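In what follows, residues are counted from 1 in the order of the sequence shown. All values below were derived from every heavy atom in this structure, side-chain atoms included, with hydrogens, water molecules and symmetry-related copies excluded. Because the structure is predicted, anything quoted here is derived from the model rather than measured.
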Amino acid sequence: MSPLRKTGAFAAALTAAFAAAYGVGSAVAPVDGGRTQETAHASMADDDGHAAQEPTAPHAPAGLQVTENGYTLDLETTSLPAGARTTLRFVVRDAEGAPVTAYRTEHGKQLHLIVASRELTAYRHLHPTRAADGTWSTPVELPEAGGYRVFADFTPAAAQEGLTLGSDLAVTGRYAAHTLPAPATTTTVDGYTVRLDGALAPGRDSDLTFTVSRAGRPVTTLQPYLGAHGHLVALRSGDLAYLHVHPHEEAKGTTPSGPEVTFTATTPTPTPGTYRLFLDFKVAGTLHTAAFTTTTTGQGY
């Protein structure tokens, strides 16, 4: 990764921001050059002298690793200017270092790209295009300077299970700190009011239902987006662990086009945490994103 050039007043502000962000990340798992390393498992002997394996550690939450199961997210673009429309490029490489050029289609796309600020106040859900040589690219405009995390959600054609790999991105400009919004069960976006029913439970599946209304009237004209009438991404505050979320095509007792959309979300650990939820929904051809802050409730497994 090339060193980031720092100039003027931006240097001190952005350096402090990155130090705080990477300090959080390193508390979760060791980081080397922006790439999280998996813990090695050593063998040991039992009382009879037979070799025995240590208990297997829990699998790392999605999005915290740049390499998993032989696949690596290789960001060719490692920094972007804030507030400018530019191009983000990356390659997914296999265990031999070759670009991956064959993918399964999931939720209507071969690869979903999520870009979120470390403070979870900026969010983009993108669908890049892939060149013949395996290089993915997408135009993007990020509003705030600071540390960001890029998540690639995909399933290689040669793999049986999907992967979510993550890597760090620097966005340059004048940095201003932001506070995570307080937990709430309603939010308003583009004139639409969205209500959240349900809560995340630590380490267990949880049903989350979002109800969309406008001017006090339920919205029953939700349009399909990525194979359902809504798409949900959930990220854990602090380390930005990426939650696995699955949509229900039709909420109980409602029509498929709204006003309710229901998902099952699985938190990665049985410990309490704070999460940011990003709901994408489409009405009249326009995509809207409603964001919520929520904390886990109840006991873990």
Side-chain angles (χ1 to χ4, degrees), residues 60-69 71-77 80 86-94 99-118 120 122-131 134-142 148-169 208 210 222-236 239-249 261-268 275-282 286-292:
L64 297 187
Q65 300 181 98
V66 72
T67 298
E68 186 175 6
N69 294 346
Y71 294 93
T72 298
L73 173 60
D74 183 5
L75 282 187
E76 295 187 355
T77 305
L80 296 172
T86 185
T87 301
L88 176 64
R89 291 185 173 85
F90 64 95
V91 176
V92 176
R93 300 189 182 277
D94 64 17
V100 178
T101 57
Y103 296 80
R104 302 178 189 269
T105 299
E106 302 285 349
H107 301 297
K109 300 290 182 179
Q110 290 189 352
L111 185 145
H112 299 264
L113 193 73
I114 303 298
V115 183
S117 64
R118 282 275 173 186
L120 294 177
Y123 168 87
R124 298 289 185 270
H125 182 171
L126 307 170
H127 295 110
T129 57
R130 177 171 49 83
T135 301
W136 293 89
S137 63
T138 181
V140 62
E141 181 178 342
L142 299 173
Y148 282 69
R149 189 74 173 168
V150 177
F151 302 91
D153 191 343
F154 62 94
T155 303
Q160 297 299 316
E161 296 182 352
L163 295 169
T164 303
L165 302 180
S167 190
D168 291 313
L169 174 71
L208 304 174
F210 298 87
L222 297 180
Q223 297 174 318
Y225 177 64
L226 302 178
H229 286 87
H231 185 272
L232 182 66
V233 168
L235 299 173
R236 185 168 61 187
D239 61 358
L240 272 62
Y242 188 103
L243 274 65
H244 290 287
V245 181
H246 305 282
H248 299 194
E249 178 53 30
V261 186
T262 300
F263 303 84
T264 297
T266 307
T267 57
Y275 295 82
R276 191 74 167 153
L277 311 179
F278 298 95
L279 171 71
D280 294 325
F281 64 95
K282 183 187 289 188
T286 300
L287 189 65
H288 310 275
T289 302
F292 296 82

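- Remark: the backbone N or O of Gly108 is not paired with any side-chain donor or acceptor of Thr105 at under 3.5 angstrom.
- Side-chain contact between Phe154 and Val100 is absent, with no heavy atoms from C-beta onward closer than 4.5 Å.
- Between Trp136 and Tyr103, the ring centre distance stays below 6.0 Å.
- With a 6.0 Å radius and a threshold of 12 heavy atoms from other residues, nucleotides or ligands, Arg104 has its CZ atom above the threshold.
- Note that the CD atom of Gln110 and the OG1 atom of Thr129 stand 11.0 Å from one another [nearest 0.5 Å].
- Looking at every heavy atom in both residues, Ala265 comes nearest to Leu208 through CB-CD1, 4.1 Å.
- With values rounded to the nearest 0.5 angstrom, Lys282 atom NZ is found 8.0 Å from Leu226 atom CG.
- Of the possible polar contacts, none joining the Ser167 side chain to the Val150 backbone as a donor-acceptor pair under 3.5 Å is found.
- Of all heavy-atom pairs spanning Glu68 and Leu163, the tightest one is O-CD1, 3.9 Å.
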Practice problem: Output, in order, the C-alpha distance, side-chain angles, deciding distance and verdict of side chain to side chain contact (heavy atoms under 4.5 Å, CB included) for Thr77 and Thr87. | Solution: CA-CA 8 Å; Thr77 305; Thr87 301; over 6 Å; no

Quiz item: Yes or no on side chain to side chain contact (heavy atoms under 4.5 Å, CB included) for Leu73 and Phe151, after CA distance, side-chain angles and deciding distance?
Solution: CA-CA 9 Å; Leu73 173 60; Phe151 302 91; over 6 Å; no

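- Residue Pro99 comes nearest to Val91 through the heavy atom pair CB-CG1, 3.7 Å, listed as atom of the first residue, atom of the second, then distance.
- Closest non-hydrogen pair, Ala116 versus Leu120, comes out as CB-CD2, 4.3 Å.
- Side-chain contact between Leu142 and Leu169 is present, with at least one heavy-atom pair separated by less than 4.5 Å.
- Residues Leu232 and Leu277 are in side-chain contact: their nearest non-hydrogen atoms beyond the backbone lie under 4.5 Å apart.
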Quiz item: For Tyr71 and Asp94, what are the C-alpha separation, side-chain angles and deciding distance, and is it a side chain to side chain contact (heavy atoms under 4.5 Å, CB included)?
Solution: CA-CA 5 Å; Tyr71 294 93; Asp94 64 17; 4.2 Å; yes

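- Contact record, Arg124 with Val140: CG-CG2, 4.5 Å, taken as the closest heavy-atom pair.
- The CG atom of Asp74 lies 9.0 Å from the OG1 atom of Thr135; values are rounded to the nearest 0.5 Å.
- Ring-plane geometry between His231 and His125 is classed as tilted, the angle between the planes lying from 30 to 60 degrees on a 0 to 90 degree scale.
- Looking at Arg236, its side chain never comes within 3.5 Å of a backbone N or O of Leu243 through a donor-acceptor pair.
- Between the side chain of Arg149 and the main chain of Gly63, a donor-acceptor pair closer than 3.5 Å is present.
- In terms of heavy atoms, Leu88 sits closest to Leu113 at CD2-CD2, 3.8 Å.
- Between Glu106 and Asp153 the shortest side-chain heavy-atom distance does not fall below 4.5 Å.
- Atom OG1 in Thr286 sits 8.5 Å away from atom CD in Gln223 (nearest 0.5 Å).
- Residues Leu111 and Pro128 form a side-chain contact, since some pair of their non-hydrogen atoms from C-beta on lies under 4.5 Å apart.
- Looking at Phe278, Phe292, Phe281 one by one, the single match for ring-ring contact (aromatic ring centres under 6.0 Å, His included) with Phe210 turns out to be Phe292.
- To the nearest 0.5 Å, atom NE2 of residue His107 and atom NE2 of residue His112 are 6.0 Å apart.
- Remark: Thr86 OG1 to Leu80 CG distance equals 5.5 Å, nearest 0.5 Å.
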